[in-house]
Trainee: 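For reference, the structure I am asking about is given below.
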There are 2 protein chains.
Amino acid sequence: MSDSPGASYTRDDLTTPTRSKERAAWDEEAVHAILDAGYLCHLGFVRDGAPVVLPTLYARVGRVLYVHGSTGSRPLRGAGDEQGLPVCVTVTHLDGLVLAKSAFHHSVNYRSVVAHGTAHQVTDPEELRLALDAIVDQVVPGRSADCRPGNAKEIAATAVIRLELDRVSAKTRTGGVNDEEEDLALPYWAGVVPVAPAYGAPVASPHTAVGLPAYLGEAEC
Amino acid sequence: MSDSPGASYTRDDLTTPTRSKERAAWDEEAVHAILDAGYLCHLGFVRDGAPVVLPTLYARVGRVLYVHGSTGSRPLRGAGDEQGLPVCVTVTHLDGLVLAKSAFHHSVNYRSVVAHGTAHQVTDPEELRLALDAIVDQVVPGRSADCRPGNAKEIAATAVIRLELDRVSAKTRTGGVNDEEEDLALPYWAGVVPVAPAYGAPVASPHTAVGLPAYLGEAEC
């Protein structure tokens, strides 16, 4: 499942942002780095003509996104049809608050990926098992091998949709403030406040008799 | 702009999740607390029959959400029409990773709000100014009074959409693992890894000649 060096996703009208095009990228390396840095996505679909956006978990496996359906039995009904379900899956990492001297130039630093396409429900039990393991490992790398695997009934009770990555773009803002020249001397504080998810000390359940696994020690910041 | 105690948003088929209904809430207090704890949302709309989900910033003012259009001139074109634009605005806070003894019971703790409705572009200059100030203050409370206000040209160049909160629900998972009784003795670590956004030390721009404002000191964790 190695990525092809230099490969790119489809750059077209749909995957080109209307604003700040210079912040966009379509190469696999940029897109995959952003997807691999997270596990929470926002899944959009259309229901009765209106948009619905739900938070859920995902995993990237090669050029495929597996999206967990636990919050979304509604979309999964559509994804189970042969024609599939049009979706948009968006992953966003917030990296900083950009405070400029002018209100107008306030911004945030971020990395995001927007993936458009038609999703299909994963029905093959073996693919479903691999997809669920991948989702667990996307959240905590190594975890799927250190818990009781799902049995056939559990696997069947869990819904996952599959989206082939194709019409995908990344968008990123990095760096400092972009103030107007004539504002630079104004007596306001300007700069960037970094922000990132921080993981606290793991809290063991009362039924845990083993020590903290190595893969959780790494999660602490 | 005080909230009415005990008031609730519309509870109907659209705002009732199909899964884990016991985690849902419709009361203003719960919904507003989640909205007020964040500033990043995912805005969903329909374009050519397909869903689009974009990250952007928002502010809550009473029972109104103002959503920044910097990433979304596409949706704003629709929101500028008289009939408005059907949207779904979703705000999600991730609070913890829930690691169960079984793969099946892995989960995350979170708080989310999903708001459905028809958005309209804010065209009144005074409302637009208030909305933009609210968005700046949603990110960093107090900031809009400590920077150069937007001039008429800047205000006019910034797009904001207005969504009246009505068909809105909150969904929350808290607490520990929910393992099966027969799995409790399994020799795996189980528990919760807390997660929250952490703000780093602010990095001043080279043109900043004043000390760190009090409202930024509070942002450090």
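Each chain gets a letter, A, B and so on, in the order the sequences are listed, and its residues count up from 1.
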Trainee: How many angstroms lie between atom NE2 of A/His207 and atom CG of B/Leu186, to the nearest 0.5 angstrom?
Mentor: 11.5 Å
Trainee: Quick check on the interface: out of A/Ala196, A/Ala50, A/Pro206, who has the most heavy-atom pairs with chain B under 4.5 Å?
Mentor: A/Ala196
Trainee: Quick one: OH on B/Tyr39 to CG on A/Leu97, what's the gap to the nearest 0.5 Å?
Mentor: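 CG of A/Leu97 is found 4.5 Å from OH of B/Tyr39.
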Trainee: Which one wins on heavy-atom pair count under 4.5 Å against chain B: A/Gly49, A/Pro149, A/Cys88, A/Gly191?
Mentor: A/Cys88
Trainee: To the nearest 0.5 Å, what is the distance between CZ on A/Phe104 and OG1 on B/Thr158?
Mentor: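 The CZ atom of A/Phe104 sits 4.5 Å away from the OG1 atom of B/Thr158.
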Trainee: In terms of heavy-atom pairs under 4.5 Å with chain B, which of A/Val114, A/Leu94, A/Asp183 leads?
Mentor: A/Asp183
Trainee: Please identify which of these residues, A/Leu184, A/Val177, A/Asn178, meets the side-chain contact (heavy atoms from CB on, under 4.5 Å) condition with B/Ser205.
Mentor: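 So the option named by the test is A/Val177.
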Trainee: Pick whichever of B/Ser112, B/Gly176, B/Ala103 has the most heavy-atom pairs under 4.5 Å with chain A.
Mentor: B/Ala103
Trainee: Side chain, backbone, both or neither: which part of A/Val140 has an atom under 4.5 Å from a heavy atom of chain B?
Mentor: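 Side chain of A/Val140 only, per the 4.5 Å heavy-atom cut-off to chain B.
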Trainee: Select one option (side chain, backbone, both, neither) describing which atoms of B/Val136 are under 4.5 Å from chain A's heavy atoms.
Mentor: side chain
Trainee: For chain B, which of A/Asp146, A/Val139, A/Asp133 has the most heavy-atom pairs under 4.5 Å?
Mentor: A/Asp146
Trainee: Rounded to the nearest 0.5 Å, how far apart are CG of B/Leu216 and CG of A/Leu99?
Mentor: 5.5 Å
Trainee: Enter the distance from B/Arg148:CZ to A/Glu182:CD here, rounded to the nearest 0.5 Å.
Mentor: 7.0 Å
Trainee: Counting heavy-atom pairs under 4.5 Å to chain B, which of A/Ala100, A/Gly211, A/Ala190, A/Ala185 comes out on top?
Mentor: A/Ala190
Trainee: Select, from A/Ser144, A/Gly44, A/Ala157, the one with the greatest count of heavy-atom pairs under 4.5 Å involving chain B.
Mentor: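 Greatest number of close heavy-atom pairs with chain B: A/Gly44.
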Trainee: If you take all heavy atoms of B/His106 and A/Arg143, which pair is closest and at what distance?
Mentor: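 The answer is NE2-NE, 2.8 Å.
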